[in-house]
Amino acid sequence: MRMKKTSNSAIIIGDSTNNTLSIVRSLGEANIEQTLILKCDEDVCFVAESKYLKNSSVYRITVIEDCMPILEQLKKDTGKKRYLICSFDEAAVFIDENEPILASFFYTPARGKQIGDLFNKDKQCKLANECGLVVPKSQNFHRTEHLDDLVLDYPILLKPLNSTKGEKSDIHICNNKIEMEKALLAESHCSDFILQEFIEKEYEIDCIGVRTEREMYLAGGIRKIRHYPELIGAGAYGLFQPIKEYDINISGVEKFLERANYYGPFSVEFLHKGNKNYFMEINFRNEGLAYAATASGANLHALYVNPDMEIDRKQIRKVYMMNYSIDFLYVKNGALSLSTWIRDLLRTRCFININLKDLNPTICYYRNKIRTKIQAFRERR
């Protein structure tokens, strides 16, 4: 990977998660200047402790609206090209709402246009279908509607219509009406859902890419081997492979992003069954698993901020990735043997929640965890 010298910089609007750390580390490895606006009540992942932020400006906010005064201040620095990158849905939606204001001063995700209602999964599925992607049958559903009016057959996948108004815990696989009723009775702040025919997938593919003014580049995809919770949870262990290893409709994804007016890091999720890849959704932001592309030799975050960078695309390599904290839960519950898990651990070269080049966030996390347990023990005595 070769980089030409650049004065371009990135402004990350992130939360305290691995989503944000993957951007910070990728840009840091490429020596690209970055500023972090960190939204959280408490930095539980110790993102701000990354060595790559040692000489960077870090602003802390507790509500997303507070990023605007900071951006007003940052726009006065007119000597650089500054790219806004979001790492969580709330930030992506907020920046999209303020595109007309921000695009005059920054390289924004929609370049002054707006993504608008494409944050809605139903709208995404309709556009994906128009762009030639294979989409499962679906329908919108409000929790007050009657289940007898459903047009889909069971099993059904129930998930939030809009990512900003739901949680992972709001995703359910329902095999019958009774399970659907139980899922809707579960504690939730989500009212609007999208129901989809449940695809009995062979595996899930999380494709990692970036769109610049020059191109849309899908570097590869993570074939998820284990999720936690099983089937519907986050990726716990998987294999990143170059995109040529999957029969992905790349031109369909490219058309989708053109229609959406989106630029920047993104991920697109597919379910693979038989000879088909079923489109699930596109994330108009960065995600935590994106660092697997960097580890494979494709630093997409750096490519976005510096489009002159050259990536040797023939040398993108396969890389196993793991979130060891959640993947080890399979050993604890007896679903996976310790020896199998250790084998998988030893062949992993991309850890989502630890980075050997940037250990400080992990050290701070465990130091704080031990300190908290000691304090709790003393209080019980």
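Basis for what follows: all heavy atoms, side chains included, without hydrogens, waters or symmetry-related copies. Bear in mind that the values here come from a model prediction, so they are computed numbers and not experimental data.
Two residues are said to be in side-chain contact when any heavy atoms from C-beta on lie closer than 4.5 Å; Glu287 and Asp206 meet this criterion. Considering only heavy atoms from C-beta on, Ile374 comes within 4.5 Å of Arg378 through its side chain. Here the side chains of Lys137 and Val151 are not in contact, with every heavy-atom distance at 4.5 Å or above. The side-chain heavy atoms of Leu359 and Ile354, taken from C-beta on, include a pair separated by under 4.5 Å. Side-chain contact between Pro242 and Ile316 is present, with at least one heavy-atom pair separated by less than 4.5 Å. Leu195 places a side-chain heavy atom less than 4.5 Å from the side chain of Met180.
A donor-acceptor contact shorter than 3.5 Å is absent between the side chain of Ser188 and the backbone of Asp170. Of the possible polar contacts, one joining the Arg211 side chain to the Tyr262 backbone as a donor-acceptor pair under 3.5 Å is found. With hydrogens and angles ignored, the 3.5 Å screen pairs a side-chain donor or acceptor of Asp96 with a backbone N or O of Gly116. Although no hydrogens or angles enter the test, the distance criterion places no donor-acceptor pair under 3.5 Å between the side chain of Glu49 and the main chain of Pro361. For the pair Lys81 (side chain) and Val305 (backbone), a donor-acceptor distance under 3.5 Å is absent. In this structure, the side chain of Tyr246 engages the main chain of Gly221 through a donor-acceptor pair within 3.5 Å. Arg317 contributes a side-chain N or O that, together with a main-chain N or O of Ala295, makes up a donor-acceptor pair within less than 3.5 Å. Judged purely by atom type and a 3.5 angstrom limit, Thr20 uses its side chain to pair as donor or acceptor with the backbone of Asp15. In this structure a side-chain-to-backbone donor-acceptor pair under 3.5 Å is present from Glu202 to Gly274. Looking only at distances, no side-chain donor or acceptor of His172 sits under 3.5 Å from a matching main-chain atom of Cys174.
For the residue pair Cys86 and Ile23, the shortest heavy atom distance occurs at O-CD1, 4.3 Å. The shortest heavy-atom contact between Leu133 and Val253 is CD2-N, 4.2 Å. When all heavy atoms are compared, the tightest approach of Phe141 to Arg143 is CE2-CA, 3.9 Å. The shortest heavy-atom contact between Met280 and Leu157 is CE-CD2, 3.7 Å. For the pair Arg111 and Glu213, the tightest heavy-atom approach, listed with the atom from each and the gap, is NE-OE2, 2.6 Å. Nearest approach of Tyr217 to Ala298, heavy atoms of both residues: OH-CB, 4.4 Å.
Classification of the Phe119-Phe284 ring pair by plane angle, with boundaries at 30° and 60°, yields perpendicular. Classification of the Phe328-Trp341 ring pair by plane angle, with boundaries at 30° and 60°, yields perpendicular. By the 30° and 60° cut-offs, the orientation of the rings of Phe256 relative to Phe279 is tilted. A parallel orientation is assigned to the rings of His272 and Tyr203, their planes being inclined by less than 30° (bins at 30° and 60°).
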(message) Show, in sequence, the C-alpha distance, side-chain angles and deciding distance for Ser16 and Asp43, and conclude whether the side chain to side chain donor-acceptor pair (under 3.5 Å) test is met.
(response) CA-CA 5 Å; Ser16 183; Asp43 188 6; 2.6 Å; yes

(request) Given side-chain contact (heavy atoms from CB on, under 4.5 Å), test Leu147 with Leu184 step by step and report yes or no. (result) CA-CA 11 Å; Leu147 294 179; Leu184 292 169; 4.0 Å; yes

(request) Evaluate side-chain contact (heavy atoms from CB on, under 4.5 Å) for Asn299 paired with His301, printing each intermediate quantity in order. (result) CA-CA 6 Å; Asn299 191 331; His301 306 90; 3.9 Å; yes

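Distance CD1/Ile352 to OG/Ser22: 8.0 Å, rounded to 0.5 Å. The CD atom of Glu99 sits 11.5 Å away from atom CZ of Phe106, with the distance rounded to the nearest 0.5 Å. Taken to the nearest 0.5 Å, the CG atom of Asn120 stands 8.5 Å off from the NZ atom of Lys126. With rounding to the nearest 0.5 angstrom, the CD atom of Gln139 is 12.5 Å from the SG atom of Cys125. The structure places OG of Ser191 at 11.5 Å from CD of Glu145, a figure rounded to the nearest 0.5 Å. A distance of 12.0 Å separates OG in Ser138 from NZ in Lys121, rounded to the nearest 0.5 Å.
With sequence neighbours left out, Asn175 forms a side-chain hydrogen bond (donor to acceptor under 3.5 Å, both in side chains) with Glu179. Remark: Glu130 pairs with Arg259 by the salt bridge (charged side-chain N to carboxylate O under 4.0 Å, His left out) rule, at least two apart or across chains. With sequence neighbours left out, Asp344 forms a salt bridge (charged side-chain N to carboxylate O under 4.0 Å, His left out) with Arg226, Arg347.
Two different hydrophobic clusters hold Leu118 and Val210 under the rule that ILVMFWY side chains link at heavy-atom gaps under 4.5 Å. The hydrophobic cluster containing Phe198 does not contain Phe270, counting ILVMFWY residues as joined when their side-chain heavy atoms lie under 4.5 angstrom apart, directly or transitively. Hydrophobic cluster membership is shared by Ile64 and Ile11, with clusters built from Ile, Leu, Val, Met, Phe, Trp and Tyr side chains linked at under 4.5 angstrom. Hydrophobic clustering (side-chain heavy atoms under 4.5 Å, transitive across Ile, Leu, Val, Met, Phe, Trp, Tyr) groups Ile37 together with Phe105. Val268 is not connected to Leu289 by any chain of hydrophobic side-chain contacts under 4.5 Å among Ile, Leu, Val, Met, Phe, Trp and Tyr, and they are in different clusters.
Pairs engaging residues 53-75 under the ring pair (Phe, Tyr, Trp, His ring centres under 6.0 Å) rule: none recorded [sequence neighbours left out]. Screening residues 235-247 for salt bridge (Lys or Arg N to Asp or Glu O under 4.0 Å) gives no qualifying pairs among residues at least two apart or on separate chains.
The hydrophobic cluster around Leu161 extends to Ile194, counting ILVMFWY residues whose side-chain heavy atoms fall within less than 4.5 Å of a member.
There is no side-chain donor-acceptor pair under 3.5 Å between Asn360 and Ser50. The closest side-chain donor-acceptor pair between Asn323 and Asn353 falls under 3.5 angstrom. Asn55 and Glu33 share no donor-acceptor pair across their side chains, judged by distance under 3.5 Å alone. In summary, the side chains of Asn249 and Ser251 do present a donor paired with an acceptor at a separation below 3.5 Å, with no hydrogens or angles considered. A donor atom on one side chain and an acceptor atom on the other are not found under 3.5 Å apart for Gln34 and Tyr52. Side-chain contact, Asn283 with Ser267: a donor N or O sits under 3.5 Å from an acceptor N or O.
Of the charged side-chain nitrogens involved, at least one lies within less than 4.0 Å of a carboxylate oxygen, so that Glu215 and Arg313 count as a salt-bridged pair. Salt-bridge formation is detected for the pair Asp308/Arg214: a Lys NZ or Arg NE/NH1/NH2 atom is positioned less than 4.0 Å from an Asp or Glu carboxylate oxygen. Using a 4.0 Å cut-off between charged side-chain N and carboxylate O, Asp148 and Lys177 make a salt bridge.
Few gaps surround NZ on Lys201; more than 12 heavy atoms of other groups in view lie less than 6.0 Å from it.
Between Tyr107 and Tyr263, the distance separating the two ring centers is not shorter than 6.0 angstrom.
Tyr291 does not carry Arg25 over the face of its six-membered ring by the limits of under 6.0 Å from the centre and within 45° of the normal.
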